[in-house]
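Following: one structure in structure tokens, then a few remarks.
Not measured: the values here are computed from a predicted model. For reference, positions follow the sequence shown, starting with 1.
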Amino acid sequence: MKKFRYHPEIKGLKVNEDGSEVLMNDLPVVLKERNRGKHPFRFFYYKDYQIGLAKLVLECWQGMAPEPRLTAKHIDCDYTNYHHENLRWGTSGGNSKYPPKLTEDQKKEIFKKIATGMSDPAIAKEYNVCKTVIRNI
């Protein structure tokens, strides 16, 4: 038997652990699929908002994103695997071919250094990145 969890904010919406079934008030929700680019994107519309399946699964199984800017990321880069254990919250950008230049811990350190008044070029030199990377943080 498949396990379902309810969405924390959308009343009556629930999804199973691998995203293969989405129900609204116990009726199936029809998912759409967009095949632009290299990976399919599965989603549905709710009150004129497009909600991606990966985000929906994460919200139901792990809770809302800790920060609004975070998006749902596939851990194993298999964009057809929507199991909640294969998804995590992360920033947009970065992938296995072009990973992020800085880790989240390094970004936190950089925020502290900026707060102390250290210059962007000095921080960039310390982390061996260009100053634009520091400014984009």
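Counting only residues at least two apart or in different chains, ring pair (Phe, Tyr, Trp, His ring centres under 6.0 Å) contacts with residues 17-45 comprise His39-Tyr79, Phe41-Phe43, Phe43-Tyr45.
Remark: Leu53 CG to Tyr82 OH distance equals 5.5 Å, nearest 0.5 Å. Atom CG of residue Leu58 and atom NZ of residue Lys73 lie 12.0 Å apart, to the nearest 0.5 angstrom.
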Apply salt bridge (Lys or Arg N to Asp or Glu O under 4.0 Å) to residues Lys107 and Glu104 and explain how you reach the verdict. CA-CA 5 Å; Lys107 289 178 184 179; Glu104 290 301 316; 3.7 Å; yes

Between Ile110 and Ile114, is the side-chain contact (heavy atoms from CB on, under 4.5 Å) condition met? List the steps. CA-CA 6 Å; Ile110 289 169; Ile114 291 170; 3.8 Å; yes

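The side-chain hydrogen bond (donor to acceptor under 3.5 Å, both in side chains) check on Asn128 picks up nothing, with sequence neighbours excluded. In this structure, the side-chain hydrogen bond (donor to acceptor under 3.5 Å, both in side chains) partners of Asn81, at least two apart in sequence or on a different chain, are Asp76. For the side-chain hydrogen bond (donor to acceptor under 3.5 Å, both in side chains) test, residues two or more places apart in sequence or in another chain that qualify with Thr80 are Asp78. The salt bridge (charged side-chain N to carboxylate O under 4.0 Å, His left out) check on Glu9 picks up nothing, with sequence neighbours excluded. Remark: Lys2 engages Glu21 in a salt bridge (charged side-chain N to carboxylate O under 4.0 Å, His left out) (not counting sequence neighbours). The side-chain hydrogen bond (donor to acceptor under 3.5 Å, both in side chains) test applied to His7 returns Glu59, not counting sequence neighbours. Residues forming a salt bridge (charged side-chain N to carboxylate O under 4.0 Å, His left out) with Lys125 (at least two apart in sequence, or on another chain): none. Judged as a ring-ring contact (aromatic ring centres under 6.0 Å, His included), and not counting sequence neighbours, the contacts of Trp61 are His84. With sequence neighbours excluded, the residues that form a side chain to side chain contact (heavy atoms under 4.5 Å, CB included) with Leu70 are Ala65, Pro66, Glu67, Trp89, Thr91. Shown here are the salt bridge (charged side-chain N to carboxylate O under 4.0 Å, His left out) partners of Asp26, two or more places apart in sequence or in another chain: Lys14.
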Could you give the side-chain donor-acceptor pairs of residues 129-137 under 3.5 Å, partners two or more places apart or in another chain?
| unit_1 | atom_1 | unit_2 | atom_2 | d |
| --- | --- | --- | --- | --- |
| Arg135 | NE | Asp120 | OD2 | 3.3 |
| Asn136 | ND2 | Thr132 | O | 3.3 |

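Across all non-hydrogen atoms, the minimal contact from Val29 to Leu13 is CG2-CD1, 4.4 Å. Of all heavy-atom pairs spanning Met64 and Pro8, the tightest one is SD-CG, 3.6 Å. Here the closest heavy-atom approach between residue Gln62 and residue Leu87 is recorded as NE2-O, 3.6 Å. Of all heavy-atom pairs between Ile51 and Tyr46, the closest is CD1-CB, 3.9 Å. Closest heavy-atom contact between Pro40 and Asn35: CB-OD1, 3.2 Å.
More than 12 heavy atoms of other residues, nucleotides or ligands lie within 6.0 Å of NZ in Lys113, so this atom counts as buried by the packing criterion.
Hydrophobic clustering of Ile, Leu, Val, Met, Phe, Trp and Tyr side chains at less than 4.5 Å, counting indirect connections, unites Ile123 with Phe111. Using a 4.5 Å cut-off between side-chain heavy atoms of Ile, Leu, Val, Met, Phe, Trp and Tyr, with links allowed through other members, Val57 and Met24 fall into the same hydrophobic cluster.
A donor and an acceptor atom, one from each side chain of Asp105 and Thr103, are nowhere located under 3.5 Å apart.
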